[in-house]
Engineer: 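Encoded as structure tokens, here's the structure I'll be asking about.
Quick note: residue numbers are just sequence positions, from 1. Note that the structure is predicted; figures quoted are calculated from it, not measured.
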Amino acid sequence: MARLTDPITALKGIGAAKEKQFAALGVYTVYDLITHFPRAYEDRTRLVTIDRLEVDVPGCFRAMVTSNPRTSHIRQGLDITKVQVSDHTARLNLTFFNQKFRAEQLIYGEEYYFYGAVSGDFIGYNMQNPVFESIDSPPLFTRRILPIYPLTAGLSNAAVTKAVAQAMETAEAVPEVLPLEIRQAYDILSAGRAYFAIHQPQSFEELAQAKKRLIFEEFFIFSAGLSLMRARRAVKTAAPYANTDLQPFYDALPFQLTGAQRRTIDEILGDFRRGVPMNRLVQGDVGSGKTMVAAAAAYCACKNGRQAALMVPTEILAEQHMATLDKLLSPLGLRCGLLTGSMTPAKKRETRAALENGAIDFVIGTHALVSEATKFQNLGLVITDEQHRFGVGQRGALWEKGATPHLLVMSATPIPRTLALILYGDLDVSIIDQLPPGREAVDTFLVGENMRARINAFIRKHVKDGHQCFIVCPAVEESETLSVKSAELWAETLQKTVFPDLRVALLHGQMKSAEKEAVMGAFARGEFDILVATTVIEVGVDVPNATLMIIEDADRFGLSQLHQLRGRVGRGKAKSYCVLFTNSRSAETLLRLKALCKTNDGFQIAQEDLQLRGPGDFFGQRQHGLPVFRVANLDCDLETLKLAQEASARWIESHGGENTPEAAALRQRIGMLFETGNPVLN
């Protein structure tokens, strides 16, 4: 019997070639194969007679072979095998292309089950390449609800179906993680029945029950994991901060903080006083003032004898933060430092030595902060900005450099509060839902290609007035399959034919880091008029002189992402604009894009996105450190998520410490789901 941890090559018929193909789907072990769930299902259970088959509508029927199969060689690379089948209602001609072996499989006078779609013309009806099975064989491709699996090049649905069926027959059972009392209370199938039914459902009712079980299971494991994280955090201790008087900091600010900023700072100060390491997410719309909240937290940590570190995703942003925060905090006695990858080796050594001996209180940097060479004397606060740009492991690596330091993660991706509280169950959530006074809204317009000449004139006017323009494209290179503008080709077109007298730059994610930083830095210094880019500019730069954002093929982006891109302009005193180009005629798409034109409120936009598209738009793969769900869907399973949260909380409270098989299996699955090894979460 195959073990769940065995490689899939332990199964018959899976050699090196198939192993490589399955690896492209993320399937390496027998367990991966069993949990490679279908994306859809095809109903092949209803048998019809030949005369009831409809043109171009697949159907399943039983028929006898009434002619000897004949194979004809048409030309090189093309053989055609023809055979006639009949039932008591009609005859049907079958044609197989490049499948000579079918001539040996279909025996004259024998009956088979067939599945396929007929096509008809003036000559008569025909069916091409149907699947078939003998009437004595178990239903694998006919007479059943057939699962349709996610596939990759060279791997057919039939091959995956056979491999999964073999795994289900020959592998050990998937361990049960849901205790009997939970299954009974919520009318949930057992693991054995659910996993079998998801791959080989006997009815759509059974399939619905299996999906219910697996969705509940994923959410139960997810919720249990978050509960354990909270519990482990609760037993850790951090020396309470005695000095939480921020009046000197507030007096040094050249402006008044908003009520939302003050409320968030007060929540952070409450964490500092508790004697438990803070683990807080601060959500704030573009321009809401998260950086000042981070500065207040850093000021407090440093005044209590601890060091603070702020990690940001780009060197330009690190340099900009350094310039702003050093100017604010140096007069208050804080020694600020900068650490980025492009600094000279000597400068990096000097900064690292100052961190290790305590000569720097507050360091602002990029991934260079998590390097093994970076050591702190007394790290007490870790802050990550644009937190979804950092993996869970990177945050953990920085966190490990201190003795249970406080953690503050910041995100400019607004999420409706209820969803944030559900998803970030292991963090406390603060929301900055006010913009500082005087920040002018960015006017947003939705236009079609017929407005191209006017928009080009608009771009030229902005540049003539001394301002700069972003132009965002959804693709880097030209594609035969996607009819969208590519950044490379559009930048070349604009420079050569549209704006030959202006300075056009190109920026995309495939460029080397140093090259990206150089281009972005030059644009920030005003050395280019127009920057054509991909979404690589979504975060990480502040160019107050940029007043115009043009987004090509805007229908290719989610609302929340469009809102982030729009946030790159409107950072200076001049009036700013955002123009969304689309060729889409879909009423739903146009409704979605018009929602962005109506408001600059990121939380309102997020709520709109949640209703129109679901949260998938702002949770890409492994963004925000969230696990990827295989069956559960945050778009439509929120009610089940709440039930699973309640169930897991109750069960952990009553039985979490027990060493039952379910508890052991649950701990193992939590580890698999969250890819443990991150000290912040463990």
Engineer: Just verifying a value: how many Å separate Lys642 NZ and Glu639 CD, rounded to the nearest 0.5 Å?
Structural biologist: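 One gets 5.5 Å once the value is rounded to the nearest 0.5 Å.
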
Engineer: For Tyr241 and Gly380, work out which heavy atoms get closest and say how close.
Structural biologist: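 What the structure gives for the nearest pair is OH-O, 3.6 Å.
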
Engineer: Quick one: does Gln202's side chain have a donor or acceptor within less than 3.5 Å of a partner on Gln200's backbone?
Structural biologist: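 Yes: the side chain of Gln202 pairs with the backbone of Gln200.
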
Engineer: Applying salt bridge (Lys or Arg N to Asp or Glu O under 4.0 Å) as the test, list every pair that has at least one member in residues 154-177; sequence neighbours left out.
Structural biologist: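 Found Glu176-Arg183, Glu176-Arg213.
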
Engineer: Could you tell me which non-hydrogen atom of Glu218 sits nearest to which non-hydrogen atom of Val631, and how far apart they are?
Structural biologist: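 Where Glu218 meets Val631 most closely, the heavy atoms are OE1-N, 3.0 Å.
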
Engineer: Could you pull out all residues at least two apart from Ser156 that satisfy side chain to side chain contact (heavy atoms under 4.5 Å, CB included)?
Structural biologist: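 With neighbours one apart ignored, the set is Ala158, Ala159.
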
Engineer: Determine the sole option in Arg39, His36, His199 for which the side-chain hydrogen bond (donor to acceptor under 3.5 Å, both in side chains) test with Tyr149 is passed.
Structural biologist: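 Between Tyr149 and the candidates, side-chain hydrogen bond (donor to acceptor under 3.5 Å, both in side chains) is satisfied uniquely by His199.
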
Engineer: Tell me the salt bridge (Lys or Arg N to Asp or Glu O under 4.0 Å) pairs involving residues 143-156, sequence neighbours left out?
Structural biologist: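 Sorted result for residues 143-156: Glu133-Arg143.
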
Engineer: Holding to side chain to side chain contact (heavy atoms under 4.5 Å, CB included), I want the full list of residues that pass it with Tyr112, two or more places apart in sequence or in another chain.
Structural biologist: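 So Tyr112 forms a side chain to side chain contact (heavy atoms under 4.5 Å, CB included) with Val65, Leu106, Ile107, Glu110, Phe114, Phe132, Ser134.
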
Engineer: For a 4.5 angstrom cut-off between non-hydrogen side-chain atoms, does Phe61 reach Arg52?
Structural biologist: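 Side chain of Phe61 against side chain of Arg52, heavy atoms only: no contact under 4.5 Å found.
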
Engineer: Which distance, rounded to the nearest 0.5 Å, do you find between the CG of Asp271 and the OG1 of Thr244?
Structural biologist: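 That separation rounds to 12.0 Å.
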
Engineer: Phe220: which residues meet the ring-ring contact (aromatic ring centres under 6.0 Å, His included) condition with it, sequence neighbours left out?
Structural biologist: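 Result, ring-ring contact (aromatic ring centres under 6.0 Å, His included) vs Phe220: none returned.
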
Engineer: For Gly289, is there any backbone N or O sitting under 3.5 Å from a side-chain donor or acceptor partner on Gln261?
Structural biologist: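 Here the side-chain-to-backbone pair exists.
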
Engineer: Determine the minimum heavy-atom distance between Ala24 and Thr152, stating which atoms define it.
Structural biologist: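 Result for this residue pair: CB-OG1, 3.8 Å.
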
Engineer: Judged by atom type as modelled, is there a donor-acceptor pair below 3.5 Å linking the side chain of Gln434 to the main-chain atoms of Ala260?
Structural biologist: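 Flag set: sc Gln434 to bb Ala260 pair under 3.5 Å.
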
Engineer: Please name all residues satisfying side-chain hydrogen bond (donor to acceptor under 3.5 Å, both in side chains) with Thr589, sequence neighbours left out, ordered by chain then number.
Structural biologist: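 Partners of Thr589 under the side-chain hydrogen bond (donor to acceptor under 3.5 Å, both in side chains) test: Ser586.
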
Engineer: How long is the gap from CG on Leu310 to CE on Met410, to the nearest 0.5 Å?
Structural biologist: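 So the gap between those two atoms works out to 6.0 Å.
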
Engineer: At their closest point, which heavy atom of Leu643 faces which heavy atom of Tyr186, and how far apart are they?
Structural biologist: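 What the structure gives for the nearest pair is O-OH, 3.9 Å.
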
Engineer: Check whether any side-chain heavy atom of Asn157 sits under 4.5 Å from a side-chain heavy atom of Leu146, and report yes or no.
Structural biologist: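 They are in side-chain contact.
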
Engineer: Just to verify, what does Arg263 make a side-chain hydrogen bond (donor to acceptor under 3.5 Å, both in side chains) with, not counting sequence neighbours?
Structural biologist: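 Once residues adjacent in sequence are excluded, the partners of Arg263 under the side-chain hydrogen bond (donor to acceptor under 3.5 Å, both in side chains) criterion are Asp433.
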
Engineer: When rounded to the nearest 0.5 angstrom, what distance separates CG in Leu25 from CG in Leu33?
Structural biologist: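 It comes to 10.0 Å.
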
Engineer: Go through Glu217 and Val177 one step at a time and tell me if the side chain to side chain contact (heavy atoms under 4.5 Å, CB included) criterion holds.
Structural biologist: CA-CA 8 Å; Glu217 176 185 307; Val177 297; 3.8 Å; yes

Engineer: Do Val160 and Leu155 have side chains that approach each other closer than 4.5 Å (heavy atoms only, starting at C-beta)?
Structural biologist: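 Counting from C-beta outward, Val160 and Leu155 do come under 4.5 Å.
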
Engineer: Could you tell me the separation between the CD1 atom of Ile188 and the CG atom of Leu180, rounded to the nearest 0.5 Å?
Structural biologist: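 Answer for the CD1-CG pair, Ile188 versus Leu180, is 12.0 Å.
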
Engineer: Please list, chain by chain and in numerical order, all residues satisfying side-chain hydrogen bond (donor to acceptor under 3.5 Å, both in side chains) with Glu42, sequence neighbours excluded.
Structural biologist: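 Applying side-chain hydrogen bond (donor to acceptor under 3.5 Å, both in side chains) to Glu42 gives Arg44, Tyr115.
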
Engineer: Would you call Pro38 and Ile148 a side-chain contact if the rule is heavy atoms closer than 4.5 Å?
Structural biologist: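 They are not in side-chain contact.
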
Engineer: Testing the basics here: between Ala665 and Pro175, what is the closest heavy-atom pair and its distance to 0.1 Å?
Structural biologist: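 Taking Ala665 first and Pro175 second, the nearest heavy atoms are CB-CB, 3.9 Å.
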
Engineer: Please list all pairs meeting salt bridge (Lys or Arg N to Asp or Glu O under 4.0 Å) that have one or both residues in residues 1-18, counting only residues at least two apart or in different chains.
Structural biologist: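 Those involving residues 1-18 are Arg3-Asp6.
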
Engineer: Under the criterion side chain to side chain contact (heavy atoms under 4.5 Å, CB included), I'd like the reasoning laid out for Phe557 against Thr535: C-alpha separation, chi angles, the key distance, then a yes or no.
Structural biologist: CA-CA 10 Å; Phe557 303 94; Thr535 55; 3.3 Å; yes

Engineer: For Ile135, what residues pass the side chain to side chain contact (heavy atoms under 4.5 Å, CB included) criterion, not counting sequence neighbours?
Structural biologist: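 In terms of side chain to side chain contact (heavy atoms under 4.5 Å, CB included), with neighbours along the sequence ignored, Ile135 is linked to Arg62, Glu111, Tyr113.
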
Engineer: Any non-hydrogen side-chain atom of Val382 less than 4.5 Å from a side-chain atom of Lys401?
Structural biologist: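 With C-beta onward as the side chain, the pair stays apart.
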
Engineer: When you compare the side chain of Ser430 with that of Ile268, does any pair of heavy atoms fall below 4.5 Å?
Structural biologist: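 When only atoms from C-beta onward are counted, Ser430 and Ile268 do not touch, as no gap falls below 4.5 Å.
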
Engineer: So Leu562 and Leu593, side chain to side chain contact (heavy atoms under 4.5 Å, CB included) or not? Walk me through it.
Structural biologist: CA-CA 9 Å; Leu562 289 171; Leu593 294 175; 3.5 Å; yes

Engineer: Quick one: salt bridge (Lys or Arg N to Asp or Glu O under 4.0 Å) pairs with a partner in residues 190-209, sequence neighbours left out?
Structural biologist: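 Counting only pairs at least two positions apart or across chains, no salt bridge (Lys or Arg N to Asp or Glu O under 4.0 Å) contact touches residues 190-209.
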
Engineer: Can you sort out the partners of Thr35 under side chain to side chain contact (heavy atoms under 4.5 Å, CB included), two or more places apart, ordered by chain and number?
Structural biologist: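 Side chain to side chain contact (heavy atoms under 4.5 Å, CB included) list for Thr35, sorted by chain: Tyr31, Phe37, Tyr195, Arg630.
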
Engineer: Could you please spell out the steps behind the side chain to side chain contact (heavy atoms under 4.5 Å, CB included) verdict for Asp385 and Val312?
Structural biologist: CA-CA 5 Å; Asp385 192 17; Val312 298; 3.7 Å; yes

Engineer: Check Ile34 against Ala167 and note the closest heavy-atom contact, atom names and distance.
Structural biologist: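 Nearest pair, atom of Ile34 first, then Ala167: CG1-CB, 4.0 Å.
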
Engineer: Side chains of Arg566 and Asn600: closer than 4.5 Å at any heavy-atom pair?
Structural biologist: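 Yes, close enough: below the 4.5 Å cut-off.
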
Engineer: Can you check whether Leu207 reaches Ile198 side chain to side chain, under 4.5 Å on heavy atoms?
Structural biologist: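 The answer is yes, as the side chains (C-beta and beyond) meet within the 4.5 Å cut-off.
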
Engineer: Roughly how far apart are Glu19 CD and Leu11 CG, rounded to 0.5 Å?
Structural biologist: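 Between Glu19 CD and Leu11 CG, I get 11.0 Å after rounding to 0.5 Å.
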
